[in-house]
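Take a look at the structure below.
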Amino acid sequence: MDLPSLVVVLRAALSHAPEERKAAEASLEQLQYTPQHLVRLLQIIVDGNCDMAVRQVASIHFKNFVAKNWSPVDPEEKQKIPETDKSMVRENILGFVTQLPPLLRAQLGESIKTLIVVDYPEQWPNLLHWVTHNLESQDQIFGALYVLRILARKYEFKSEEERIPLYQVVEESFPRLLNIFSKLVQIPNPPIEVADLIKLICKIFWSSIYLEIPKQLFDPNVFNAWMVLFLNLLERPVPVEGQPSDPDARKSWGWWKVKKWIAHILNRLYTRFADLKIQKPESKAFAQMFQKNYAGKILGCHLQLLNAIRTGGYLPDRVINLILQYLTNSVTKNSMYQLMQPQMDIIMFEIIFPLLCFNDNDQMLWDEDPHEYVRKGYDIIEDLYSPRTAAMDFVNELVRKRGKGNLQKFIHFIVGIFMRYDEASIELKPYRQKDGALLAIGTLYDRLKQTDPYKGELERMLVQHVFPEFSSHVGHLRAKAAWVAGQYAHIKFSDKNNFRKAMHCVIAGMRDAELPVRVDSVFALRSFVEACTDLDEIRPILPQLLDEFFKLMSEVENEDLVFTLETIVDRFGEEMAPYALGLCQSLAAAFWRCMASSEADEEAEDTSALAAVGCLRAISTILESISSLPHLYIQIEHTLLPILRKMLTSDGQDVYEEVLEIVSYMTFYSPSISLDMWSLWPLIMEALNDWAIDFFENILVPLDNYVSRGTEHFLTCKDPDYQHSLWKALSSIMADQNMEDSDIVPAPKLIEVFFQNCKGQVDHWVEPYLRLTIDRLRRTEKPYLKSLLLQAIANTLYYNPSLALQKLHTLGVATEIFNLWFVMLQQVKRSGQRANFKREYAKKVCCLGLTSLIGLPASHVPGEALERIFKSTLELLVAYKDQVAESKRQNEAAAEDLDGFDADEEEEEVESDKEMGLDDEDGDGANNFNPESFAEVCERFPPRRFRR
């Protein structure tokens, strides 16, 4: 298709008429693999005479196609872009960077990034020459810097070996880069375009030094030249002219961006080289030089910049945050702390404390967008950039590492705020300072709870200075009072009435007219519920409390809100049964809202995703709490099925573990497994066959439940054929040559489940599973997996000893298998302990497999073999009996606590029979064995305990 025709198609792709738009999209789909298509798209993108909307569509199409097809995921897949087209794109794309407006340049930049990641240096050896050549050209400097930034970023997080190509980039470009940088810094009254160039240089430097300092910079003269320029720009006031008045535009203004990136670089250098003890031998001299010549100078520049806070000047939040990170890291260094010490009062009381106080921006957000106020207050991503969080970190580090004198002085200052607040008339009270003082007290809770004389005064402090603010007419003080009360909920109250008062004030705050107060009250409630020794304090108001939760969950997406709900469910257990359905419905609705927000808003993606995970975990907690009330699972199932059906596909990879946990509860505790729940089996198997092998351990539990609790349906249903789908998955996994031993551990366990639960009904599967198990056994290196595979064989013997033994002979492996089995049974460690089959269950299964052979006719088992079977079985039974006796002597509570216990680890030393739920009362007699399912362990240890 020629250029004009392609332009017509691209314009049609913008049509408001759905049919025309779909036809255009279909045409583009057909055209994309034709020769020269990519080149023509590039021509349209750079054609200044073409309509901007068409150019933008072309740039997006170009970017997406390059990202998907420039390098096939599968090396054996055929190249979809002709090499001639690739070559033409590489030859021309770089020169257009400076010609394009920012919107198109951003799209083209993403494509250049793809090309560099895939092709440099092997397929694009002349790229570096293009960069260095254009760094010398006045009108191409921006394009060269733009491309060099992308090139350097490729190696930002690479290992030392992978960074080797970067060293040539640095060697050839950095001398030119330094020369350009020096000239730009010397320009009097520089325009904003200069800031954009300097910002690119800073980003290039940052990417190049992030993990390792290139050896060229170890030259003191070269490094000093760079540092002089950085410090010059850091301490130089930004131009007044051209600075935006709009706050959002101002913080993104080029010159402030320059300061931000310089602060980034200096922080990184300080983090890397401030501690001589962690330096490699080759970098110690450099670190000493950095500390001696630059660390103190940087600190001085930073303190000078922070003066803006004292004088009412402007400093972007991100710059403040970075500077305070530098100060916080300096607290532990004696030489740096000595430099700060003379100014410590100014730092603490005129810089740090004002940052803790409620401010105009807070008030505006509180009034205009309380939901955003809440989100920012509890967003861990926001914390990374917040001056207030950085100020709190500084205070914590200061009193932790330099508490002598500083803690007393700081608390005296805070008490002074409290006193002035109490003494002032209502119209003159320093409300914002009181807010900052409360934040400081809450921030230092861990230190104050451990330090005399403060720990003895905390209750009185709460009564005098926190409790009154629960009824304040100032909303942010009511919120802060709830938060501080939650911080100190676990202290030992001498007067229990004070604990009750605080808790009831927090609960009352859940009905506050202001959303942030309600949310802070909910979070504080979590601490009170944990600390409460008498649940009767909460029990009477539990229904109203849950009603408030339902309302808040419909308003706010926050994982901490869900954690509070989980805490309540954990404390009240089965008492939550009347509310279980309503809670699950609310959590399911909240989950869908979180997922929608995550997809619609990139900025909220992380927060919403965490909240979505929290919703699923809370649902699991509720399902666990009602485990003795199986009829409730039937009521809840309808609410959860849409989530399970959606999230058991590749759409749910980020929450797959949590979803499998819910399926495990539903398939184990429900009175029976419904057909709707059975409809999830194909989704699970499809995922396991495709992308979910990392979740095999988690998948094991629900699959076990399906087989053991729905055996009849599992065996009789042919559409879908569950037996065949299980075989397909297990045979694929166990036969995979590239699969590590540790990856397939659940496979033999599922084979055991299959034969234990389907006794007498799956004879036709004995030979296929034996063949599969033996093939893998021959390739297995790790003893733990060998033991599991032999246990799977033992289960086939217990299932039908005559048939299984016949198949072993038919396969010609009977002698080989039994010899290996007996050798592994005899192996011991240096300590004398058994090396294999260490758990009670493993011994029991081996006994059952071996003793099942004893009842066979003499012609089936030769006398010599029978003697070995008797000898091994007797030794196993003695060991098993001793182990059972030892288990009984152990503390029962400790034995049933699975924290830190993973029976599936190959080096596991704990010889307990908990995984299969085989109780001690089964006795020593092998013939009394009644194999339980894997899932029955859930009765004592719910599925969530099997986290990877």
Side-chain angles (χ1 to χ4, degrees), residues 348-349 352-354 356-358 362 388 391-392 395-396 399 403 406-510 512 514 516-518 520-521 523-533 537:
M348 281 199 297
F349 308 135
I352 295 296
F353 182 73
L356 298 179
C357 295
F358 198 80
D362 297 323
R388 185 167 292 148
M392 293 162 68
V395 170
N396 262 322
V399 301
N406 286 322
L407 178 59
Q408 182 181 5
K409 190 184 296 185
F410 192 71
I411 294 300
H412 181 75
F413 175 82
I414 296 300
V415 170
I417 299 288
F418 286 159
M419 299 305 294
R420 287 195 297 276
Y421 178 87
D422 291 342
E423 293 165 0
S425 61
I426 191 167
E427 64 273 8
L428 296 177
K429 284 184 182 295
Y431 296 110
R432 292 183 174 185
Q433 287 196 334
K434 176 68 179 281
D435 190 286
L438 290 175
L439 178 60
I441 291 296
T443 298
L444 295 174
Y445 76 99
D446 197 46
R447 184 73 176 180
L448 295 177
K449 285 192 291 190
Q450 302 175 47
T451 307
D452 288 323
Y454 310 111
K455 65 181 182 182
E457 298 294 319
L458 293 176
E459 184 175 354
R460 187 161 66 90
M461 179 273 295
L462 290 171
V463 172
Q464 289 185 358
H465 302 297
V466 179
F467 287 9
E469 303 309 329
F470 281 119
S471 57
S472 172
H473 72 282
V474 178
H476 64 81
L477 283 180
R478 298 198 301 275
K480 196 64 89 256
W483 177 77
V484 175
Q487 294 289 88
Y488 289 96
H490 291 87
I491 68 170
K492 188 174 181 179
F493 283 83
S494 59
D495 184 347
K496 292 299 182 185
N497 287 324
N498 287 330
F499 177 85
R500 294 189 191 98
K501 181 177 180 180
M503 184 170 66
H504 285 289
C505 285
V506 164
I507 292 172
M510 292 176 63
D512 196 279
E514 303 274 11
V517 180
R518 299 199 297 275
D520 278 349
S521 298
F523 298 152
L525 179 64
R526 180 184 180 189
S527 298
F528 281 98
V529 171
E530 290 173 340
C532 186
T533 57
E537 296 286 340

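- Judged by distance alone, with hydrogens and angles left aside, the side-chain atoms of Arg478 form no donor-acceptor pair with the main-chain N or O of Arg518 at under 3.5 Å.
- A heavy-atom distance below 4.5 Å is not found between the side chains of Met348 and Phe413.
- Each of Ile441, Leu444, Leu439 was checked for a side-chain contact (heavy atoms from CB on, under 4.5 Å) with Ile414, and the lone residue meeting it is Ile441.
- Salt-bridge formation is not detected for the pair Lys480/Glu469: no Lys NZ or Arg NE/NH1/NH2 atom is positioned less than 4.0 Å from an Asp or Glu carboxylate oxygen.
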> Are Tyr488 and Val466 close enough, and set up right, to give a side-chain contact (heavy atoms from CB on, under 4.5 Å), and what steps lead you there?
Replying inline: CA-CA 11 Å; Tyr488 289 96; Val466 179; over 6 Å; no
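- The aromatic rings of Tyr431 and His473 sit perpendicular to each other, their planes meeting at more than 60°, with 30° as the lower class boundary.
- The distance from the OG atom of Ser527 to the CE atom of Met503 is 12.5 Å, given to the nearest 0.5 Å.
- Open room surrounds NZ on Lys501; 12 or fewer heavy atoms of other groups in view lie less than 6.0 Å from it.
- With rounding to the nearest 0.5 Å, the separation of CZ in Phe353 from CG in Leu356 is 6.5 Å.
- Without hydrogens or angle criteria, Glu459 side chain to Asn498 main chain gives no donor-acceptor distance under 3.5 Å.
- Shown here for Phe418 and Ala437, the closest heavy-atom pair between the two residues is CE2-CB, 3.6 Å.
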query = Run the side-chain contact (heavy atoms from CB on, under 4.5 Å) check on Met461 and Leu458 step by step: do they pass?
reply = CA-CA 5 Å; Met461 179 273 295; Leu458 293 176; 4.2 Å; yes
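- Going from atom CZ of Arg447 over to atom CD of Gln450 covers 7.5 Å, rounded to the nearest 0.5 Å.
- In this structure the side chain of Ile491 reaches within 4.5 angstrom of the side chain of Leu462, judged on heavy atoms.
- Here the closest non-hydrogen pair linking Val506 and Ala485 is CG2-CB, 4.4 Å.
- To the nearest 0.5 Å, atoms CE (Met419) and CD (Gln464) are separated by 8.0 Å.
- Looking at every heavy atom in both residues, Val399 comes nearest to Leu407 through CG1-CD1, 3.8 Å.
- With respect to His476, the side-chain hydrogen bond (donor to acceptor under 3.5 Å, both in side chains) criterion is satisfied by exactly one of Asp435, Asp362, Asp520: Asp435.
- In this structure, Met392 CE and Ile352 CD1 are separated by 11.5 Å, a value rounded to the nearest 0.5 Å.
- Side chain of Ser471 to main chain of Pro468: a donor-acceptor pair is present (N/O by atom type, distance under 3.5 Å, no hydrogens or angles).
- Under the 30°/60° scheme for interplanar angles, the aromatic rings of Phe499 and Phe493 are found to stand perpendicular.
- Formation of a donor-acceptor pair under 3.5 Å by the Gln487 side chain with backbone atoms of Trp483 is not found in this model.
- Atom OG1 in Thr451 sits 13.5 Å away from atom CD in Glu457 (nearest 0.5 Å).
- Minimum heavy-atom separation, His465 to Leu438: O-CD2, 3.9 Å.
- No side-chain heavy atom of Phe358 sits less than 4.5 Å from a side-chain heavy atom of Lys434.
- For the pair Pro430 and Arg420, the tightest heavy-atom approach, listed with the atom from each and the gap, is CD-O, 4.4 Å.
- When all heavy atoms of Gln408 and Tyr454 are compared, the pair lying nearest together is CA-OH, 3.3 Å.
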